[in-house]
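Before any comments, here is the structure.
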Amino acid sequence: MKIPFYITTTLPYVNAIPHIGHALEFIRADIIARAKKLDGFEVFFNTGTDEHGIKIYQKAKQLGLEPQKYVDETAQKFREIMPLLGLMPDVNFIRTTDKHHVMAAQEFWKIVNKNGLIYKKNYSVKYCIGCELEKTDSELVDGKCPLHPLQDLEIIQEENYFFRFSIFQKPLMDLYEKQEKFVVPNTRLNEIRAFVERGLEDFSISRLASKMPWGIPVPGDETQVMYVWFDALVNYISAVGWPDDEKQFKKFWLETGGVVQYCGKDNLRQQSAMWQAMLLSAKISPSKQIIIDGFVTGEGGIKMSKSLGNTVDPLEVVKEYGTEALRYYVARELAPFEDSPFTMDKFKEAFNAHLANGLGNLVSRVMKMAEANGIKFDEEILKTLLNSNEIKDLQKKYRAGFDEYNIQAASNAVWELISNTDKIVQERQPFKKIKTDKAGGEADIKELLARLNIIGTMLLPIMPETAAKIINLTEKNEMPKEPLFMRK
RNA sequence: CGCGGGGUAGAGCAACGGUAGCUCGUCAGGCUCAUAACCUGAAGAUUGUCGGUUCGAUUCCGGCCCCCGCAACCA
């Protein structure tokens, strides 16, 4: 009987096309999903697109498209990128415009409402006549719209539904206290704790449909649509069958102890506070863990932005270096939880050093020796090697890395093995030894083959295609027809 | 006194009460199985700054300076 495991990315908001930050999160979640699968778990891996709300409504209008048409097109771009990033083919792709999800979000609303946690209240909105847009406080400079500083903002009173977030302070603090490593890394847990401790305010969870119709209708009130967060977050349960597919929900939400959610640091509050309060309000058990990753930045830690021209297009990277190389870079060259710079120069450097010169070259040199001397992969030697302290220690590091969602640490263990193996070739010089001491040389080469085989196995979640290639080469005793990674 | 992260060799990071490690890059030597790859060694850091605690601080405490992100209904 396989133990179920549920992991999800944040659903990207489709007001823009996929960027490197999305790619990074998809790849990380996929690596964990694959590692769990290889470990014998029955994995449900979820991703998809968040498609409602004002930004999308405006974006569609601006492009002269119906919102549905716009989101169909953009969602398709996200769907297409999944295989290019090497995601598992059975990844679940949910859209918040899916019928089932819409139904689930409405059902969720009804339950929360029934539990007395939704109420109506006047909400004042600041509106800039110049922009013809609502403005939030954070968008204002000295209380004025920075684009139209001479015009006063109009205050519009609007009646919205609110969620009683404020009463969840204590339950959330308890959750952070009791659930082990609820937020990873710990600094983020402290951050959200401090935030909740300061006190929570109810937040509005609907918009007037007359002004912004692009949302899920509020059950029982056609004049309002649900605010995107209240809709989008529900995907984590609707994706596993809530509310109607009890069997699926029981398996992947209840038996797993909840979902493991990957999200960016900008999503900390929504996922580890708002969403958890929402679940509590519907009497559903909380998520299992929230994994917060940092952002990729440009050179020098500066935020990536189109206007600065320091963005990196994941599709360009894949086109130039391939999917596997991008996965490598995400896994090992980026800090797992902190911001890290991502530039094409750095990428090339890492590619040459660790994929071409490191992994690829090692495969070529070992397979050449094996092939030239007709030496076959030996299961017995593999078994002995797996019992050595060196390999055991590395496997331990590798597993601990994955257990802590520290993909970098796990990957480092693999490259430590690669480096050790290069050293062995140099020290024992089997290519020379085989000429004078046939048995000794053969034994060395067999060990090298077994090492390569282990490297392949360890690479399976990180670089699945390369890993399969390496395993295949060692078992078939073939030199790669062309280098695995050609120097750039 | 809004919140958080950070300032360590040319670059990117690590460590932690006992004078700093790794990766890339640079230089020298070795090897020739391999993708001008690989192995060994070297050069290169007064660990932002001032002060305190201590036998001893990069590591603990306090002040200051600088950088980055966020500031809730903006995904």
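Letters A, B, ... are given to chains in the order of the sequence lines, protein chains preceding strands, and every chain is numbered from 1.
Here the separation of B:rA9 from B:rA45, taken at their P atoms, is 10 Å to the nearest Å. Nucleotides B:rG6 and B:rG44 have their P atoms positioned 30 Å apart, rounded to a whole Å. Comparing B:rC13 with B:rU47, their C1' atoms are spaced 14 Å from each other, to the whole Å. When the C1' atom is used for both B:rC31 and B:rU40, the distance is 10 Å, rounded to whole Å. Going from the C1' atom of B:rG69 to that of B:rG10 covers 26 Å, rounded to whole Å. Taking atom P on both nucleotides, B:rG7 is separated from B:rA15 by 10 Å, rounded to a whole Å. Taking the P atom of each, B:rC60 and B:rC27 are spaced 38 Å apart, rounded to whole Å. Annotation: B:rG63 and B:rG41 have their C1' atoms spaced 45 Å apart (nearest Å).
Nearest nucleotide to the A:Asn361 side chain, out of B:rC73, B:rC33, B:rU35: B:rU35. The A:Pro341 side chain lies nearest to B:rC13 when the options are B:rC13, B:rU35, B:rA34. The nucleotide whose nearest atom lies closest to any side-chain atom of A:Ser364 is, among B:rA72, B:rG5, B:rU35, B:rU35. The side chain of A:Pro483 approaches B:rU35 more closely than any other nucleotide in the set B:rA37, B:rA34, B:rU35. Here the side chain of A:Tyr227 is nearest to one of B:rC73, B:rG5, B:rA37, namely B:rC73. Of all nucleotides listed (B:rC38, B:rU35, B:rA72), B:rU35 comes nearest to the side chain of A:Met486.
Between A:Asn420 atom CG and B:rU23 atom P the separation is 12 Å, expressed in whole Å. Rounding to whole angstrom units, NZ of residue A:Lys423 and P of B:rA34 are separated by 22 Å. Separating the CZ atom of A:Arg428 from the C1' atom of B:rC39 is a distance of 14 Å, rounded to the nearest angstrom. One can place CZ of A:Phe485 at 17 Å from P of B:rA37, the figure rounded to the nearest angstrom. Here the P atom of nucleotide B:rA72 and the CG atom of A:Asn160 are 17 Å apart, to the nearest Å. We find that CE of A:Met278 is positioned 20 Å from P of B:rA72, with the value rounded to whole Å. Rounded to an integer number of Å, the gap from CG of A:Asp345 to C1' of B:rG25 is 12 Å. When the P atom of B:rC70 is taken as reference, atom CZ of A:Arg198 falls 16 Å away, rounded to whole Å.
One finds a salt bridge joining A:Glu416 and A:Lys397 here, because a Lys/Arg side-chain nitrogen approaches an Asp/Glu carboxylate oxygen to under 4.0 Å. A salt bridge links A:Glu191 with A:Arg188: at least one charged nitrogen is closer than 4.0 Å to a carboxylate oxygen. The pair A:Glu390-A:Arg451 meets the salt-bridge criterion, since a charged nitrogen lies less than 4.0 angstrom from a carboxylate oxygen. The pair A:Arg193-A:Glu197 does not count as a salt bridge, with every side-chain nitrogen at least 4.0 angstrom from each carboxylate oxygen.
Looking at which nucleotide of RNA chain B each of A:Ser419 and A:Tyr13 is closest to, the 5′-most match is held by A:Ser419. Summary of the strand contacts: A:Ala335 and A:Thr297 both lie near RNA chain B, and taking for each the nucleotide with the nearest heavy atom, the more 5' one is attributed to A:Ala335.
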**Prompt:** Stepwise, does the side chain to side chain donor-acceptor pair (under 3.5 Å) test hold for A:Gln261 with A:Thr10?
**Reply:** CA-CA 7 Å; A:Gln261 295 171 225; A:Thr10 301; over 6 Å; no
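The shortest distance between the side-chain N/O atoms of A:Lys432 and the OP1/OP2 oxygens of B:rU32 is below 4.0 Å. Contact check, A:Arg487 against B:rA37: a side-chain N or O comes under 4.0 Å of OP1 or OP2.
For B:rU23, the paired base is B:rA11 (Watson-Crick or G-U wobble, both distances below 3.5 Å). Nucleotide B:rU54 is matched to nothing when pairs are restricted to Watson-Crick or G-U wobble geometry with both distances under 3.5 angstrom. With a cut-off of 3.5 Å on both pairing distances, the Watson-Crick or G-U wobble partner of B:rG29 is B:rC39. As the counterpart of B:rU47, no nucleotide is assigned, since no Watson-Crick or G-U wobble pattern has both distances under 3.5 Å. With a cut-off of 3.5 Å on both Watson-Crick or G-U wobble distances, the partner of B:rC70 is given as B:rG2.
Residue pairs satisfying the salt bridge (Lys or Arg N to Asp or Glu O under 4.0 Å) criterion with at least one member in residues 423-441 of chain A, sequence neighbours excluded, are listed as follows: A:Arg428-A:Asp444, A:Arg428-A:Glu447, A:Lys433-A:Asp444, A:Lys438-A:Glu442.
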Tell me which donor-acceptor pairs under 3.5 Å the side chains of residues 365-372 of chain A have, and how far apart each pair is, sequence neighbours excluded?
unit_1, atom_1, unit_2, atom_2, d
A:Arg365, NH1, A:Asp422, OD1, 2.5
A:Glu371, OE2, A:Met479, N, 3.0

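Heavy atoms of A:Asp50 sit nowhere under 4.0 angstrom from any nucleic acid atom.
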